[in-house]
Colleague: 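Okay, here's the structure, questions in a sec.
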Amino acid sequence: MEIYEGSLDVKMIFGKWLDEQSHSNYGAFIPFVGTIRDEDDIDGLSFDIYEPILQKWFDGWVAKAKTQGAIVKMAHSRGDVAIHTSSYISAVFSPKRRIALELIDEFVEDFKANAPIWKYDLKNGKRIYAQERSTPMIGSGLLG
Amino acid sequence: MEIYEGSLDVKMIFGKWLDEQSHSNYGAFIPFVGTIRDEDDIDGLSFDIYEPILQKWFDGWVAKAKTQGAIVKMAHSRGDVAIHTSSYISAVFSPKRRIALELIDEFVEDFKANAPIWKYDLKNGKRIYAQERSTPMIGSGLLG
Amino acid sequence: MIQVEFLGPIGHSDMQVEASSLEQLSTILKQNPIIAPWLDKSAVAINDEMVFRVDTLLKDGDRVSILPPVCGG
Amino acid sequence: MIQVEFLGPIGHSDMQVEASSLEQLSTILKQNPIIAPWLDKSAVAINDEMVFRVDTLLKDGDRVSILPPVCGG
């Protein structure tokens, strides 16, 4: 798991992961690259991350992928990220394509729902919590 | 659609596609990279491609993706490709992640079943048709 | 004493609280007008482990994190 | 006259054939011991368009491709 300040250097990260696994004998490699869209007049997005729980969430996925002979990777931005640049990459390497296609889908969806990361719109110099696009984590409401 | 002689330069192709779409406002980019595994004592794989029908197959996918606001890309090797190098990359760019995750899965599976490409094992200096891993295309058996 | 921290957009500094269970902590936090509206939609971790039962006990020195709705990516 | 080409691993050079439908072409190709075993599992294109009906008619100058089982990637 890799956390970077600001926009991700997508080519560098992609190349690094490829090189790391160049002789691991995985037949399928599927990265998912998330890029900030120019919409709603934003200048970009900004992210808070709570790293200790993100690391545990990620470690759970490493263990889950391992049971299928696969590995997962993840990189995410902290702080401000301009439109048309990337804030998120996750990836699956696996021996066979079917497992890779299924894992990347589950991994990305679970990430959106349960990774402890908070998103803010950057607009007119303000940092506005993206409340309506945010999802309560599993088990929310315990103290409500 | 891009056909290359021998192994794909994965980083170059990935970087080129990223650069081409750097301001297209797609929020999700998912490449699928297929790499030759070291198995069954092969030295590599070799591919024949029938390009006119592959191009039509691909054009059909371009049109299908367009109806969902997405685009697809594809690169494949012709001829010999050594183990631990890549012979196939396909990719989807789309505004939103859900469409991208679904399209890459369908696109890759349809490619495996219906792209007019023939695979051979390279083994002890011989080029042996990978008969048992090959799939009859849709509509096969018309003349049988 | 336990420490309570409010993550992401909640915008409240850490609190030191006397509470021996999450139920007690809930009662205390509901009295704070900045924090109360977040409780229905926030998840809870104790010492960085997610917890799912309100009858979970707290011990001196525990650190409780309140995690509001997330949106990574 | 039509031209028939055998793609990928079939390993047979192109043929010139007199046939006015795929049915006729099928009858001719079944007589060739190299080609016959592939017919059950091969798809067919006429002038690079996939076809799905054996009653498809052929006209002079058509080019028929025989596509054996594929495995890209």
Side-chain angles (χ1 to χ4, degrees), chain A residues 7-19 21-40 42 45 69 81-113 133, chain B residues 7-19 21-40 42 45 69 81-113 133:
Chain A
S7 301
L8 300 182
D9 183 340
V10 177
K11 290 179 200 174
M12 180 278 285
I13 294 167
F14 178 85
K16 186 164 75 87
W17 291 351
L18 261 186
D19 290 344
Q21 305 303 328
S22 64
H23 285 71
S24 309
N25 217 25
Y26 292 115
F29 168 40
I30 312 181
F32 176 104
V33 181
T35 299
I36 313 287
R37 300 189 68 210
D38 181 4
E39 60 186 353
D40 302 328
I42 60 166
L45 297 175
V81 183
I83 55 169
H84 298 318
T85 70
S86 297
S87 52
Y88 171 50
I89 315 180
S90 58
V92 174
F93 286 87
S94 102
K96 298 285 183 182
R97 79 175 182 285
R98 199 59 239 150
I99 283 171
L101 286 163
E102 285 164 21
L103 270 182
I104 192 70
D105 191 321
E106 290 173 59
F107 184 45
V108 168
E109 291 296 335
D110 190 47
F111 171 83
K112 294 298 283 189
R133 281 123 71 202
Chain B
S7 300
L8 300 182
D9 183 339
V10 177
K11 289 180 199 171
M12 182 277 287
I13 294 167
F14 178 85
K16 184 163 77 88
W17 293 351
L18 262 187
D19 290 344
Q21 305 303 328
S22 64
H23 285 71
S24 309
N25 217 25
Y26 292 115
F29 169 39
I30 312 181
F32 176 103
V33 181
T35 299
I36 313 287
R37 302 187 69 210
D38 181 4
E39 59 186 354
D40 302 328
I42 60 167
L45 298 175
V81 183
I83 55 170
H84 297 319
T85 70
S86 295
S87 53
Y88 171 50
I89 314 180
S90 57
V92 174
F93 286 89
S94 101
K96 299 283 182 183
R97 79 175 182 285
R98 201 57 239 151
I99 283 172
L101 286 164
E102 285 165 20
L103 270 181
I104 192 69
D105 190 321
E106 290 174 58
F107 184 45
V108 168
E109 291 295 337
D110 190 46
F111 170 83
K112 294 298 284 189
R133 282 124 72 202

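Note on naming: letters A, B, ... go to the chains in the order of the sequence lines (proteins, then strands), and numbering restarts at 1 for each one.
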Colleague: Give the member of A:A28, A:P31, A:G34 that has the highest number of heavy-atom pairs under 4.5 Å with chain B.
Modeller: A:P31
Colleague: Give the minimum heavy-atom separation between B:S86 and B:V81, together with the two atoms involved.
Modeller: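 Nearest pair, atom of B:S86 first, then B:V81: O-CG1, 3.8 Å.
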Colleague: For B:A82 and B:T85, which heavy atoms make the closest approach, and how far apart are they?
Modeller: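 Taking B:A82 first and B:T85 second, the nearest heavy atoms are O-OG1, 2.7 Å.
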Colleague: With sequence neighbours excluded, give me every salt bridge (Lys or Arg N to Asp or Glu O under 4.0 Å) pair touching residues 23-38 of chain B.
Modeller: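 As it turns out, the salt bridge (Lys or Arg N to Asp or Glu O under 4.0 Å) pairs with a partner in residues 23-38 of chain B, which skip direct neighbours, are B:R37-B:E39.
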Colleague: Would you mind reporting whether B:I83 and A:H23 have side-chain heavy atoms less than 4.5 Å apart?
Modeller: no
Colleague: Would you give the length of the straight line joining atom CG of B:L101 to atom CD of A:E102, rounded to the nearest 0.5 angstrom?
Modeller: 12.5 Å
Colleague: Taking every heavy-atom pair that is under 4.5 Å apart, which of A:I30, A:V33, A:L18, A:V108 has the most such pairs with chain B?
Modeller: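 The option with the most such pairs is A:V33.
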Colleague: Just to verify, what does B:N25 make a side-chain hydrogen bond (donor to acceptor under 3.5 Å, both in side chains) with, not counting sequence neighbours?
Modeller: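 Partners of B:N25 under the side-chain hydrogen bond (donor to acceptor under 3.5 Å, both in side chains) test: none.
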Colleague: May I ask you to list the residues in residues 8-15 of chain B that approach chain A closer than 4.5 angstrom, counting heavy atoms only, ordered by number?
Modeller: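 Hits under 4.5 Å: B:V10, B:K11, B:F14, B:G15.
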Colleague: For chain B, find its close neighbours in residues 87-97 of chain A: heavy-atom separation under 4.5 Å, sorted by number, or none.
Modeller: A:P95, A:K96, A:R97
Colleague: Taking atom CD1 of A:I104 and atom CD1 of B:I104, what is their separation to the nearest 0.5 Å?
Modeller: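 A:I104 atom CD1 to B:I104 atom CD1 measures 10.5 Å (nearest 0.5 Å).
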Colleague: Over all heavy atoms of both residues, which pair between A:H84 and A:T35 is shortest? Give the atoms and the distance, please.
Modeller: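 Smallest interatomic distance, heavy atoms only, reads C-CG2, 3.7 Å.
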